[in-house]
Amino acid sequence: LAKLQALIALSPDRSLDFELVEQFAHRFKGSSSLVGAEQFRATAMQLETIARCQNEHDFAKIELLADTLEQNFLDFQKEIESWLVTGSAH
């Protein structure tokens, strides 16, 4: 996630490397499927689809989805921590 956020932050003129964003999103989608992080997977799939279109007008959507991915990750992390403490997910 940090690499994705850095890539976006370093593209203030919106000349984003869409292929790299798509690759990150694809990896996130696959990894999250393996561990059951459904919200993260769904957001990664949206990001992958938008990045694949390579439309510079989607830059704001990509920024928003990257932020949403980060929040999804934090939410899933809390769920795992809760499960480790209580033995059940919320």
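FYI, the numbering just counts along the sequence from 1.
- Closest approach of Gln5 and Ala66 over heavy atoms only: NE2-O, 3.4 Å.
- Put simply, Leu20 and Ile62 are part of the same group of oily side chains (I, L, V, M, F, W, Y) that touch within less than 4.5 Å, one to the next.
- To the nearest 0.5 Å, atom CD of residue Glu70 and atom CZ of residue Phe40 are 9.5 Å apart.
- Taking 4.5 Å as the limit, every side-chain heavy atom of Val21 sits out of range of all side-chain heavy atoms of Ile50.
- Taken to the nearest 0.5 Å, the CG atom of Leu74 stands 9.5 Å off from the CD atom of Glu81.
- Put simply, the side chain of Phe24 does not reach to within 4.5 Å of the side chain of Leu1, judged on heavy atoms.
- Between His26 atom NE2 and Arg52 atom CZ the span is 8.5 Å, to the nearest 0.5 Å.
- Across Glu63 and Ile8, no two heavy atoms sit closer than the pair CG-CG2, 3.5 Å.
- Distance check, rounded to the nearest 0.5 Å: CD of Glu48 to CZ of Arg41 gives 10.5 Å.
- Judged by distance alone, the side chain of Ser15 and the main-chain N or O of Ser11 form no donor-acceptor pair under 3.5 Å.
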**OP:** Start with the C-alpha gap between Thr49 and Gln46, add the side-chain angles, then the distance that decides, and say whether side chain to side chain contact (heavy atoms under 4.5 Å, CB included) holds.
**Re:** CA-CA 5 Å; Thr49 300; Gln46 289 177 347; 5.8 Å; no
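- Of the inter-residue distances, the one linking Leu47 atom CG with Leu4 atom CG reads 6.0 Å to the nearest 0.5 angstrom.
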Subject >> CA sep, side-chain torsions, deciding dist, call: Phe76, Val35, side chain to side chain contact (heavy atoms under 4.5 Å, CB included) >> reply: CA-CA 10 Å; Phe76 187 68; Val35 297; 3.9 Å; yes
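- Closest approach of Ala44 to Lys29, counting heavy atoms only: CB-N, 3.7 Å.
- Looking only at distances, a side-chain donor or acceptor of Thr68 sits under 3.5 Å from a matching main-chain atom of Leu64.
- Judged by distance alone, the side chains of Asp67 and Gln71 never bring a donor and an acceptor atom under 3.5 Å apart.
- No continuous path of hydrophobic side-chain contacts links Leu65 to Met45 [ILVMFWY only; heavy atoms under 4.5 Å].
- Shown here is Glu38, whose CD atom has more than 12 heavy atoms of other residues, nucleotides or ligands within 6.0 Å.
- Inter-residue side-chain proximity for Glu19 and Gln54 is flagged as met; some heavy-atom pair is nearer than 4.5 Å.
- Between the CD atom of Gln77 and the CG atom of Asn72 there is a distance of 12.5 Å, given to the nearest 0.5 Å.
- Side-chain atoms of Ser31 do not come within 3.5 Å of backbone N or O of Phe28 as any donor-acceptor pair.
- Counting non-hydrogen atoms of other residues, nucleotides and ligands closer than 6.0 Å to CZ of Phe73 gives a total of 12 or fewer.
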